[in-house]
There are 2 protein chains.
Amino acid sequence: MSGNYLAGPQGLLWSINARAVLDVIDREGPLGRPEITRATGLSKTTVAQALRELVARGVVEEAGADTTRRGPAATLYRIAPRCALALGVDIGHLRIRAVLVDAAGETLAQAETRAPRRRVADTAAAVTALAAECAERAGTGPGDIGQAVVGVPAVVARDGRTVRRAYGLPQGGRGLAEVIERDLSVPLLLENDVNLAAVAEQRFGACAGVADFVLLGVGVGLGAGIVLGGRLHRGFAGGAGEVGFLPHPATELGTEVLGARRIAEQARQAGIEGSPSPQEIFESARGGDERALAVVDATARRIAHVAASIALVIEPELFVLGGAFGASADLLLGRIRRHLARDAAPLPIRIIASGVSGDAVLRGAAWLARHRARERAFAAVMGGRPHDMTTGGPYDTDLTGSGKGDIT
Amino acid sequence: MSGNYLAGPQGLLWSINARAVLDVIDREGPLGRPEITRATGLSKTTVAQALRELVARGVVEEAGADTTRRGPAATLYRIAPRCALALGVDIGHLRIRAVLVDAAGETLAQAETRAPRRRVADTAAAVTALAAECAERAGTGPGDIGQAVVGVPAVVARDGRTVRRAYGLPQGGRGLAEVIERDLSVPLLLENDVNLAAVAEQRFGACAGVADFVLLGVGVGLGAGIVLGGRLHRGFAGGAGEVGFLPHPATELGTEVLGARRIAEQARQAGIEGSPSPQEIFESARGGDERALAVVDATARRIAHVAASIALVIEPELFVLGGAFGASADLLLGRIRRHLARDAAPLPIRIIASGVSGDAVLRGAAWLARHRARERAFAAVMGGRPHDMTTGGPYDTDLTGSGKGDIT
DNA sequence: CCTTGAGTAGGAAACTTTCCGACCTACTCG
DNA sequence: CGAGTAGGTCGGAAAGTTTCCTACTCAAGG
């Protein structure tokens, strides 16, 4: 029933302990040997041995000396930044952004361009061009990138390649992954943009220690990035979080509850003329325009409705308002909370504003790419030994796997 | 970020390997040494040593000989059935059932009684009496029970003790866990009944290999048992799956979509007189009664509506129809599927009938109790060595823990 | 019917890997 | 100059593996 045996020869111990050393360094930045010894509980000798090996294999390097204490200076160790380069890409409706980061998370280069409208091949070409540009600026070749993660406004299957319901991609994004990977020859993963925003929220934003939360991303449509037990929940075919189609009393079945289009419609109904953009409507509302405020309130109401529905299904600890409208959290949050309180939801619902600055999708993509690139590099190092721990265990990074956990 | 270091001395290897041996025996029934050797990849010597220790510690025992092959008979090993006794209890609206199982899952004794209506103390007393009765019939004392799991028709917090919104328990079930545990002095866990039905479905029913599924339990109310990644998803405060309150066009906010009460109401509206029970209505429908069929269809429609909403949030692989109405799957399933098809849900939704025979809640409770009792027994055996793997890793059985997985 | 050989189970001894504790040296700040 | 710290080395302990050996059973052949 339980899955992985994880039995092995003594060499397994080396894997385990080296991995522990690696993790401590990874988590707590440059560290001296005595601290690593304390943190891992291993003996000085073992830590020294492990570090020697890890340095020899290129995933750890010395990083100066710690002279704060008296006595001889302790040499510090850190993850070698260049052991894993990662590319994050955000394919939005208007523009495509890319960022190249190293294993430490430092930004090495950024680039952006307008999003092509016609052909998938153009989109793919734009991505590879951005990757090449970033790589050149960082002084490496595109082939040195260990992992690329591309955020797309679409439902992505768990294989990270197949794309469905792509509203904002030419030709529905068919074959996008294949074309990019052929030209770039870098391990590639597509991922839903809202999911990546949720990752960013978890890593850089307001949900650092929260195991279960939902990011509500409002933009052209409404989507939810769902994190359960600290992991993204993608659903059987990647369709989890497509909450834009949740039934709403005032909406026909099969149409979206919320999104740029619906807001425009509501603006028309409210008597606003000139079909302004959502951003403009929110601007007017901030200025005190009654009709714009009515639209804002209707929007808040629908968000509250969706949040309540989600809460009844999975009861997350927290909702976060992100996406294009996340910037309007000042207008929306209070109203959403009022609607939630008024409708007397059976559960208390906490909702806050996004804590991520900048392009959340891009940052999430970069984080995920870095994580995978690094995991790959670490696994390669561990793989030199007979057994390793890279699958099934707590270090499992298989995003596409069946996820057949066994424990209830 | 990553949590558990899992570094350790050589003794750790013993834990790992012994655990691997234990798992193989656990999963594949009585096994000879050569097969264990093959399955774990360990050497003959190590397996022999581990088995010697495990037998000495009482969690494994010899189970005859395998004479199928030629040569000397291989002694078979199995988990010692008596190393962990577990009690499953189902507190229903009408009756309380209990079953005592051993570590192998064999039923040792069963008992049941009427559910008290007035005081929680009576309910608790009934449970302890059933436990004592089972223990006596099995020839042990109640104190030998390693774990008890009690299914209740209520929202249970993740600590397995605090009860909220208990429709079917006296005094809202307050203090139930404390009173039972005081009288019984056995580790106790309360659990939502629908969740336990989902566990049963996963272990004995139609969802054996399915990582993500939702059990729809229709009874007095409507609840969902949600299994994601093979694990029960309980929600932040145990309130996940309270889908009975999902908004429905034809229902006021804050009232339940479905349940015995609503069916009665619909029966009234359909012109059925004499306020028959749901069971009776379904019986009439099977007989061809038009008005009863209308009620059935309305029920199916609402179930379809709820399933569609859930699917948009978490997109499970499969829905299973269980609970009191699971028996009426023959009437409901086709109609539910028709409604789903008609409303053109954005996602394909698979829904099937429960595959569990007997009392699913009771069986789920027994399974979970057995799992935890056994895990506890195993952990105790492993604990004799300096390090063990019982927390954080793939063997984590902490149902109440924070679940702060790190990998996205 | 007996003999013999091949395949299997179980065990013991020698070797290898790995980790730990203890001891030692060198360095630096007070 | 001394106490406290960093880093290295050596021997011992623990665990697993390989190799060799014995004993047992089935099946084929004389």
Side-chain angles (χ1 to χ4, degrees), chain A residues 5-21 24-25 30-56 60 62-77 382 384-389, chain B residues 5-21 24-25 30-56 60 62-77 382 384-389:
Chain A
Y5 309 110
L6 196 88
Q10 301 97 312
L12 175 62
L13 260 188
W14 186 88
S15 286
I16 292 175
N17 290 338
R19 179 74 211 207
V21 170
V24 175
I25 298 174
L31 236 52
R33 289 197 203 183
E35 288 164 275
I36 297 172
T37 304
R38 269 190 297 277
T40 58
L42 293 168
S43 76
K44 212 174 51 162
T45 323
T46 306
V47 170
Q49 176 66 26
L51 283 174
R52 219 179 350 259
E53 277 294 308
L54 291 172
V55 169
V60 169
E62 298 188 6
D66 175 16
T67 56
T68 57
R69 266 167 298 234
R70 76 172 154 181
T75 46
L76 295 174
Y77 293 86
M382 301 296 165
R385 299 272 168 166
H387 279 73
D388 62 77
M389 300 195 52
Chain B
Y5 307 111
L6 197 91
Q10 300 96 316
L12 174 63
L13 260 188
W14 186 88
S15 286
I16 293 175
N17 290 339
R19 178 73 212 207
V21 170
V24 175
I25 298 174
L31 235 52
R33 288 196 204 182
E35 289 166 273
I36 298 172
T37 303
R38 269 190 296 277
T40 58
L42 293 168
S43 74
K44 215 171 50 163
T45 318
T46 305
V47 170
Q49 176 66 26
L51 283 174
R52 223 183 341 264
E53 277 295 308
L54 292 172
V55 168
V60 168
E62 298 188 4
D66 174 17
T67 56
T68 57
R69 266 169 298 235
R70 74 173 157 182
T75 48
L76 295 173
Y77 292 87
M382 300 297 165
R385 298 274 169 164
H387 280 73
D388 62 75
M389 299 196 52

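Because the structure is a prediction, the values reported are computed rather than measured. Letters go in sequence order (proteins before strands), and every chain restarts at 1.
Contact record, B:Ser43 with B:Thr37: C-CG2, 4.1 Å, taken as the closest heavy-atom pair. Across all their heavy atoms, A:Tyr77 and A:Ile25 have their closest contact at O-CG2, 3.6 Å. Among all heavy-atom pairs drawn from A:Gly32 and A:Leu76, the shortest one is N-CD2, 3.4 Å.
Between B:Val21 and the options B:Ile36, B:Ile16, B:Val60, B:Thr46, a side chain to side chain contact (heavy atoms under 4.5 Å, CB included) holds for only B:Ile36.
Between the C1' atom of C:dA9 and the CG atom of B:Leu31 lies a distance of 14 Å, rounded to the nearest Å. Nucleotide D:dG7 holds its P atom 9 Å from the CG atom of A:Leu76, rounded to whole Å. Rounded to an integer number of Å, the gap from B:Ile16 CD1 to D:dG16 C1' is 13 Å. As rounded to whole Å, 12 Å separates atom P of D:dG16 from atom CG of B:Leu51. Rounded to whole angstrom, the span from the CD atom of B:Glu62 across to the C1' atom of C:dA9 amounts to 13 Å. Whole-Å rounding puts the B:Leu13 CG to C:dT17 C1' distance at 10 Å. Going from atom CH2 of A:Trp14 over to atom C1' of C:dT16 covers 18 Å, rounded to whole Å.
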Where along nucleotides 25-30 of chain C does protein come under 4.0 Å, by heavy atom, of base (B) or sugar-phosphate alone (S), with - for untouched nucleotides?
-> -BBBB-
Nucleotide N/O of nucleotides 11-14 of chain C paired with protein N/O under 3.5 Å:
residue	atom	partner	partner atom	Å
C:dG11	OP2	B:Arg33	NH1	2.7
C:dG11	OP2	B:Arg33	NH2	3.1
C:dG11	O6	B:Lys44	NZ	2.6

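Residues passing the salt bridge (Lys or Arg N to Asp or Glu O under 4.0 Å) test with A:Arg70, sequence neighbours excluded: none. For A:Ala73, the side-chain contact (heavy atoms from CB on, under 4.5 Å) criterion is met by A:Ala65, A:Thr67, not counting sequence neighbours. Residues meeting the side chain to side chain donor-acceptor pair (under 3.5 Å) test with B:Thr75, sequence neighbours left out: none.
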Could you go step by step and tell me if B:Val47 and B:Thr40 meet the side chain to side chain contact (heavy atoms under 4.5 Å, CB included) rule?
-> CA-CA 9 Å; B:Val47 170; B:Thr40 58; 4.1 Å; yes
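Judged as a salt bridge (Lys or Arg N to Asp or Glu O under 4.0 Å), the pairs with a partner in residues 32-44 of chain A (not counting sequence neighbours) are, in order, A:Glu35-A:Arg69.
Put simply, B:Asn17 has a side-chain N or O that comes within less than 4.0 Å of OP1 or OP2 on D:dG16. Between D:dT17 and B:Thr46, a contact under 4.0 Å exists linking OP1 or OP2 to a side-chain N or O.
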